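Data block below; observations after.
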Amino acid sequence: MLLPTNFIDLAKNLIDKGVLSAFKTNEATAYFFKTKDKTRSQPRERFYPPDLTKLEQKKLSFRTINADSIEDKKDIMFYFTGTKFVKGLETLSFLPGAVADHLTSGGGMLYNQMQMSSLKWREVGATGSYGAVSEPCNFWQKIPNPQVLIYNYLQGQTQMEAYWKSVYWPHQGLFIGEPLAAPYQN
């Protein structure tokens, strides 16, 4: 798992946010998007939970939304979408330990201009992300499986452990963020 940055303060803030995730379980929401971009959205839609599911003991609600993005949400722990660029990110607040990614061919090309870079998730407050570095085709095995990631994260595994287990063919992507974040570790 990489911690790419041009600024030491950004790296320190990300690590601090990962450490902070271990101290308190917040009321949180996992957002899953069914976007108009079917090529990027459909491969993992079958792994989305039913809308309005809630895990009381973990303080986690699930929202599966037919939209390209959301705005003004302050409770984000998971954000899974499929679109080249995600709108409204500057209006969102990600909780310590939050994971966010968008299914594209080049999200892991960190200084990519053709699609949103996975670095953008970190810049807006997510603690971890994943992005492809070459044309992944949209095989579900090459992208994070939200069921696997969330299950392992909720079992107390670190972000690195949970994220790695969620991608069956990880050879075409990068994991970025604070690897030891563990918001559900008891």
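This structure is a prediction, so every number in the text was calculated from the model and none was measured.
Although no hydrogens or angles enter the test, the distance criterion places no donor-acceptor pair under 3.5 Å between the side chain of T127 and the main chain of G18. Y153 places a side-chain N or O within 3.5 Å of a backbone atom of G97 that can act as its donor or acceptor partner. Within the 3.5 Å criterion, the main-chain N or O of A182 finds a donor-acceptor partner in the side chain of S21. Using modelled atom types, one side-chain atom of Y48 and one backbone atom of F33 make a donor-acceptor pair closer than 3.5 Å. For K17 (side chain) and G125 (main-chain N/O), a donor-acceptor pair under 3.5 Å exists by modelled atom type. Side chain of S129 to backbone of A100: a donor-acceptor contact under 3.5 angstrom is found. No side-chain donor-acceptor contact under 3.5 Å links N26 to the backbone of A28. Not one N or O on the side chain of S69 forms a donor-acceptor pair closer than 3.5 Å with the backbone of V86.
For K73, the NZ atom is loosely surrounded, since the number of other residues' heavy atoms within 6.0 Å does not exceed 12. Applying the 6.0 Å contact sphere to CZ of F85 captures more than 12 heavy atoms from other residues, nucleotides or ligands. The number of heavy atoms from other shown groups lying within 6.0 Å of NZ (K120) does not exceed 12.
Atom OG1 of T25 sits about 10.0 Å away from atom CG of L60, to the nearest 0.5 Å.
Contact record, V99 with Q159: CG2-NE2, 3.7 Å, taken as the closest heavy-atom pair.
Pairs passing the salt bridge (Lys or Arg N to Asp or Glu O under 4.0 Å) check and including a residue from residues 156-167, sequence neighbours excluded, do not occur. Among residues at least two apart or in separate chains, salt bridge (Lys or Arg N to Asp or Glu O under 4.0 Å) pairs with a member in residues 76-102 are R44-D101.
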| message | Run the salt bridge (charged side-chain N to carboxylate O under 4.0 Å, His left out) test on E27 and K74 for me, step by step, so that the C-alpha distance in whole Å, both residues' side-chain angles and the decisive distance to 0.1 Å come before the verdict. | response | CA-CA 10 Å; E27 289 285 336; K74 308 297 181 206; over 6 Å; no

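Residues passing the ring pair (Phe, Tyr, Trp, His ring centres under 6.0 Å) test with F94, sequence neighbours excluded: none.
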